[in-house]
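Encoded as structure tokens, the structure appears first; notes follow it.
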Protein chains: 2
Amino acid sequence: MFIQIQPHSDTPIYIQLTQQIIEGIVNKDIEPGESLPSVRTLAADLGVNMHTVNKSYHELEKKGLITIIPKSGAIVNVPRKMGNANAEQLDYMEKMLRPVVAEGIVQGLGMNDFEKLIKRLMKTLY
Amino acid sequence: MFIQIQPHSDTPIYIQLTQQIIEGIVNKDIEPGESLPSVRTLAADLGVNMHTVNKSYHELEKKGLITIIPKSGAIVNVPRKMGNANAEQLDYMEKMLRPVVAEGIVQGLGMNDFEKLIKRLMKTLY
DNA sequence: CAATCTGTTCTACTTGAATTATAACAAATT
DNA sequence: AATTTGTTATAATTCAAGTAGAACAGATTG
């Protein structure tokens with residue numbers, strides 16, 4: 001797989017995993033309808049515990065990105081079309097962005113800088 | 001002061017503090033040259049430990065936002081002019097933004113959505 | 001100058017999250 | 001029938017976060 005874990009990072013392993021799987025979905029390394037590896041398999045591949053992977057999968061399910069079928073496996077959901085996020089999702093993203101934007105401003109970034117960064121990231125990720 | 005701590009949040013107290021002080025600086029509740037309250041005073045006000053506030057202040061110093069004068073106090077630095085962030089700062093912000101943007105994309109946000117959110121946040125914060 | 005306030009440093013303790021480690025179970029798959 | 005699946009439960013370890021108290025030395029203040 002495309003995932004690399006830094007065991008001694010200050011961001012928890014299950015969050016690193018969640019973020020990288022999200023990038024994998026965005027980047028279409030994993031296509032909608034595909035199954036994720038079983039928690040045991042992925043755990044063995046990454047050298048981490050089964051429960052850590054399980055926790056990550058449930059995070060992804062909370063975010064609506066995968067569906068966990070009990071006793072069977074985890075399947076990547078069909079992604080939303082671009083630009084049709086609902087109000088709830090926009091609120092959620094605003095809360096995520098707020099401290100990042102505040103820090104950006106205080107670091108001297110202007111609207112242009114934010115636009116460039118996001119455009120670049122969208123190209124890189126998408 | 002303008003700070004409100006949620007003791008049982010999943011984001012650590014010292015990070016809540018750091019973020020809110022950053023917003024205070026951006027929002028000019030605290031002007032450049034002003035002193036922050038002493039670690040003991042602020043800790044007493046917020047009902048948290050001295051060392052927690054101290055940790056937050058040192059985070060702010062790492063970010064270049066305040067200057068801690070040993071045995072004296074902490075002073076808010078003159079902020080950078082808008083739109084003249086250097087390459088290092090842009091790299092740093094790109095790393096901060098990356099997981100947020102990835103999650104935004106997967107939640108259905110398009111470039112327009114990001115622009116609107118950031119414009120709104122900049123108005124709110126600045 | 002004396003008293004107070006400052007950040008600093010140190011030790012110690014508690015709490016809880018994160019992670020690992022097994023084990024067992026029942027449903028699904030092969 | 002055997003294996004694989006996610007689920008659940010228990011237990012242990014590790015470490016960050018937070019609290020607590022004390023002592024120190026420089027800075028500030030009256």
Side-chain angles (χ1 to χ4, degrees), chain A residues 1 3-22 25 30 33-77 99, chain B residues 1 3-22 24-25 30 33-77 96 99:
Chain A
M1 255 202 140
I3 292 173
Q4 288 209 348
I5 295 297
Q6 296 171 336
H8 301 304
S9 165
D10 56 341
T11 57
I13 295 175
Y14 77 96
I15 292 183
Q16 291 182 50
L17 231 181
T18 304
Q19 287 176 347
Q20 292 190 41
I21 292 176
I22 290 178
I25 294 175
I30 327 170
E34 271 188 48
S35 292
L36 293 180
S38 79
V39 290
R40 282 180 174 87
T41 304
L42 186 52
D45 283 0
L46 300 179
V48 301
N49 193 274
M50 186 188 75
H51 300 298
T52 307
V53 177
N54 195 249
K55 192 171 184 178
S56 172
Y57 281 13
H58 281 273
E59 290 278 315
L60 290 165
E61 196 182 37
K62 273 187 206 162
K63 293 178 190 293
L65 307 185
I66 69 176
T67 300
I68 296 175
I69 302 172
K71 316 291 177 188
S72 171
I75 295 177
V76 178
N77 290 337
Chain B
M1 254 201 143
I3 292 173
Q4 287 209 348
I5 296 299
Q6 295 172 337
H8 302 305
S9 166
D10 56 342
T11 55
I13 296 175
Y14 77 98
I15 293 182
Q16 291 183 49
L17 231 181
T18 303
Q19 288 175 346
Q20 292 190 40
I21 293 176
I22 290 177
I25 293 175
I30 326 171
E34 271 189 48
S35 292
L36 294 179
S38 79
V39 291
R40 283 180 173 87
T41 305
L42 185 52
D45 281 0
L46 301 178
V48 301
N49 192 275
M50 185 188 76
H51 299 101
T52 306
V53 177
N54 195 249
K55 192 172 184 177
S56 172
Y57 280 13
H58 281 273
E59 290 279 315
L60 290 166
E61 196 182 36
K62 273 187 207 162
K63 293 178 191 292
L65 307 186
I66 68 176
T67 300
I68 296 176
I69 301 171
K71 316 291 177 187
S72 172
I75 295 178
V76 178
N77 290 337
M96 301 265 295

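Nothing here was measured: the structure is a model prediction, and the numbers come from that model. The chains referred to below are lettered A, B, ... by the order of the sequence lines, with proteins before strands, and numbering in each begins at 1.
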Would you give a per-nucleotide map of nucleotides 14-30 of chain D, 5' to 3', where B means the base has a protein non-hydrogen atom under 4.0 Å away, S means only the sugar-phosphate does, and - means neither? ---SSBBBBB-BBSS--
List the residues meeting side chain to side chain contact (heavy atoms under 4.5 Å, CB included) with [X], not counting sequence neighbours, and say none if there are none.
X	result
Ser72(A)	Ile69(A)
Thr18(B)	Ile22(B), Ser56(B), Glu59(B), Leu60(B), Lys63(B)
His58(B)	Asn54(B), Glu61(B), Ile68(B)

Spacing of [X] atom [atom1] relative to [N] atom [atom2], expressed in whole Å:
X	N	atom1	atom2	result
Leu42(B)	dC5(C)	CG	P	17 Å
Tyr57(A)	dT7(D)	OH	C1'	15 Å
Gln6(A)	dT19(C)	CD	P	13 Å
Leu36(B)	dT6(C)	CG	C1'	14 Å
Leu60(B)	dG7(C)	CG	P	13 Å

Excluding sequence neighbours, so at least two apart, what forms salt bridge (charged side-chain N to carboxylate O under 4.0 Å, His left out) with Lys71(B)?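 Listed in chain order: nothing, the list is empty.
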How bent is the helix from dC1(C)-dG30(D) to dT30(C)-dA1(D), measuring the angle between the end axes built from five pairs each, rounded to 10°? 30°
Which atom pair, heavy atoms only, marks the closest approach of Gln19(B) to Pro99(A)?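 Answer, listing the atom of Gln19(B) first, then Pro99(A): NE2-CB, 3.5 Å.
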How about Ile21(B) and Leu65(B): do any of their side-chain heavy atoms sit closer than 4.5 Å? no
Side-chain contact, heavy-atom cut-off 4.5 Å: Leu46(A) with Ile13(A)? no
What nucleic acid atoms does Asp10(B) come within less than 4.0 Å of, heavy atoms only: base, sugar-phosphate, or nothing? nothing
Could you tell me whether His58(A) contacts a base, only the sugar-phosphate backbone, or nothing, with contacts defined as non-hydrogen atoms closer than 4.0 Å? sugar-phosphate
Where the side chain of Glu34(B) meets the backbone of Val76(B), is there a donor-acceptor pair that is under 3.5 Å apart? no
